[in-house]
Amino acid sequence: MKTVQVNIVTPDGPVYDSEVAMVIAKTVSGEIGVLPGHIPLVAPLAIGAVTLKKEDGTQEVVAVSGGFIEVRPEQISVLAPSAELAANIDVARAKEAMARAEERLQKKQDDIDFKRAELALKRAINRISVHEGNL
Ligand code: ATP
């Protein structure tokens, strides 16, 4: 088995569906690399990149904002609140979101607002990194 079917799905619809040779994802407990035929596994994802290595040596990168990865020997599914292929990321929008989040973090706020701003900042930084290829 040289490839595994990967799909990445969000509440807005499917973002990615292809055969790949390897998937690298950032789980909350660290980065994992998954090859075809992997034993079943479910893990929560961090805000981060999912790298999809193709059989021809090329790769695609998707920014995901958490969710779960479900690994089965012949199929890998990523279910995420939001996910964008690197080429579809609007960097200007992410930079605006980053600036808004930084501004909110500097103000004195309650814990919930602080946590929300922190997560928004992480999503924005992740989108910028994925778009720029700084992983
Ligand atoms: P913003 O404040 O710019 O909306 P956000 O982090 O709050 O950013 P999300 O709630 O994670 O946004 O996503 C809402 C929707 O907008 C999702 O469909 C997501 O894919 C899309 N999205 C958010 N930011 C970007 C971006 N910079 N480029 C492309 N799509 C984006």
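When a ligand or atom number is given, it counts from 1 through the structure's own listing order. FYI, side chains are in, hydrogens and waters are out, and symmetry mates aren't considered; it's all heavy atoms of this structure.
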I'd like to check atom 10 (O) of ligand 1 in this structure: does the protein have a heavy atom lying under 4.0 Å from it?
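No.
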Candidate with minimal heavy-atom separation from atom 13 (O) of ligand 1, of R123, R127, M98:
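Comparing heavy atoms across R123, R127, M98, the nearest one to atom 13 (O) of ligand 1 lies in R127.
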Option nearest atom 29 (C) of ligand 1 (shortest heavy-atom distance, choices N88, D12, V64):
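The option holding the nearest heavy atom is N88.
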Donor + acceptor pair across side chains of K54, S18 (<3.5 Å):
yes
Under 3.5 Å, is there a donor-acceptor pair linking the side chains of T10 and D12?
no
Could you check whether any heavy atom of R100 sits closer than 4.0 Å to an atom of ligand 1, since that is the contact criterion I want to use?
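Yes, R100 has a heavy atom closer than 4.0 Å to ligand 1.
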With a 3.5 Å cut-off and sequence neighbours excluded, list the donor-acceptor pairs that the side chains of residues 86-100 form with protein atoms.
unit_1: D90; atom_1: OD1; unit_2: A92; atom_2: N; d: 3.2
unit_1: D90; atom_1: OD1; unit_2: R93; atom_2: N; d: 3.0

Considering only non-hydrogen protein atoms, determine which one is nearest to atom 21 (C) of ligand 1 and report residue, atom name and distance to 0.1 Å.
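Here the nearest protein heavy atom works out to R93 NH2, 3.8 Å.
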When distances are taken from atom 30 (N) of ligand 1, the protein heavy atom at minimum range is E84 CG, 3.7 Å
Check S82 against ligand 1 and report side chain, backbone, both or neither, counting heavy atoms closer than 4.0 Å.
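Side chain only; the backbone of S82 stays clear of ligand 1.
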dist E118:CD -> K115:NZ (nearest 0.5 Å) comes out at 5.0 Å
Nearest heavy-atom pair of V20 and K53: which atoms, and what distance?
CB-O, 3.5 Å
Listing, residues 121-129 side-chain donor-acceptor contacts under 3.5 Å, not counting sequence neighbours, or none:
unit_1: N126; atom_1: ND2; unit_2: G48; atom_2: O; d: 3.0
unit_1: N126; atom_1: ND2; unit_2: V64; atom_2: O; d: 3.3
unit_1: R127; atom_1: NE; unit_2: E84; atom_2: OE1; d: 2.9
unit_1: R127; atom_1: NE; unit_2: E84; atom_2: OE2; d: 3.4
unit_1: R127; atom_1: NH2; unit_2: S82; atom_2: OG; d: 3.1
unit_1: R127; atom_1: NH2; unit_2: E84; atom_2: OE2; d: 3.1
unit_1: S129; atom_1: OG; unit_2: I125; atom_2: O; d: 2.8

Which ligand 1 atoms, with their elements, are less than 4.0 angstrom from a heavy-atom of D90?
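Going through ligand 1 atom by atom, the ones under 4.0 Å from D90 are 26 (C), 27 (N), 28 (N), 29 (C).
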